[in-house]
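Keep in mind that this is a model prediction, so the values were computed, not measured. In what follows, chains are A, B, ... by sequence order, proteins preceding strands, each numbered from 1.
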Amino acid sequence: MSKVYPGRNIEFNPESRVVFTSCSLKLTGMADESLFDFLHMEIVSHIYKEQQSSKGEMDNKDRAVCVSVLESMGFRVGQGLIERLTRDSASFKDELDVMKFVCKDFWTKVFRRQVDNLRTNHQGTYVLQDNKFSLLTQLSSGKQYLDQAPKYLAFSCGVVRGALSNLGLDSVVTAEVSVMPSCKFQVVIQKL
Amino acid sequence: MSQMKEEKKMTVHNLYIFDRNGSCLYYNEWNRKKQAGISKDEEFKLMYGMLFSIRSFVSKMSPLDMKEGFLSFQTSKYRLHYYETPSGLRFVMNTDLSVPNARDTLQHIYSNLYVEYIVKNPVCVLGQSLDSELFSSRLDSYIRALPYYSPRAA
């Protein structure tokens, strides 16, 4: 005779040993995060290796190509993500409302926390500061590997640009890091 | 009085991390009073080679079927603890005799420090020595916070 415990889905069959267990939702959540982190690491590494294999050294032009490839990948991902994340919300009042949504709900879903600081000049330029940017926290907490940080930010810049684009805002998104893992994203809305 | 004396002796001496090919990825010491008298490279090779031999000896001579195998050895002054991960990483820690089992510690170092700050670090190439300062500093804080660590060991 087997018993099913509600909410935990563990079946015990006294004749054989434990037959089936299911992971708790928390465990599945954690596995999903690592999956993206590792995939992103490999995407960056692959793109840089591809660019380098044609010549021996990487010059600035090669690096720019890699960054722009990563950024356009992120763009498409951001477009898709924002459709999915806003399917249940009402439309936005104005540009600032959109940016606040990006800083709170969007950032939480994509980067697992909210933006710490949003500044604007009310003329289309916004600076989003994340003090523990999730793609940089495992790299270092200071100056080590600072020169490598831009490689791991290009995709995220694209994600933000893609999200804004599908919300009706054309923009240019750049990121800068001075002390890891704190990161500033600069969004400049393009007026027609 | 005697309890105070015992507390003084509790400590971690040093830690080695080897990969499955025998290269020493990381080494740090906290309280080592005597060096081996050979170069660091030779010391790492000696440590790895010895562990390799002990493990095969232990499993060969075991009178029973064994799952984990070699765990630790002790001398009159220190105990060496050994932990091997399924991926072939070997954690070796020397502590004083008051620490009976450091397996949990080594397991924590693997899953919460190594996996978090090395495996998830895109710059760290698996198999090369561990340069991440973040890893070093977190490991250092963790060791110093251990209940059996005291900086002034007898």
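Under a hydrophobic clustering in which Ile, Leu, Val, Met, Phe, Trp and Tyr are joined whenever their side-chain heavy atoms come within less than 4.5 Å, directly or via other members, B:F18 and B:L15 fall into different clusters. B:L25 and B:F44 are not part of a single hydrophobic cluster, where members link through side-chain heavy atoms under 4.5 Å apart. Under the 4.5 Å side-chain contact rule for hydrophobic residues, A:F75 and A:I47 do not share a cluster. Hydrophobic clustering (side-chain heavy atoms under 4.5 Å, transitive across Ile, Leu, Val, Met, Phe, Trp, Tyr) groups B:L126 together with B:I109. B:V125 and B:Y26 sit in two unconnected hydrophobic clusters of ILVMFWY residues. Membership requires side-chain heavy atoms under 4.5 Å apart, directly or through other members.
In plain terms, the two heavy atoms of B:K120 and A:M41 that are nearest each other are O-SD, 3.6 Å.
Contacts between A:S141 and chain B at a heavy-atom distance below 4.5 Å involve backbone atoms as well as side-chain atoms.
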For this session: Assess whether side-chain contact (heavy atoms from CB on, under 4.5 Å) is satisfied between A:L139 and B:V123, documenting all intermediate values.
Result: CA-CA 7 Å; A:L139 263 176; B:V123 179; 3.2 Å; yes

For this session: Evaluate side-chain contact (heavy atoms from CB on, under 4.5 Å) for B:E133 paired with A:Y145, printing each intermediate quantity in order.
Result: CA-CA 10 Å; B:E133 285 163 14; A:Y145 304 134; over 6 Å; no

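At a threshold of 4.5 Å between non-hydrogen side-chain atoms, the residues B:S132 and A:Q144 count as touching.
Between the A:Q138 side chain and the B:N121 main chain, no donor and acceptor come within less than 3.5 Å of each other.
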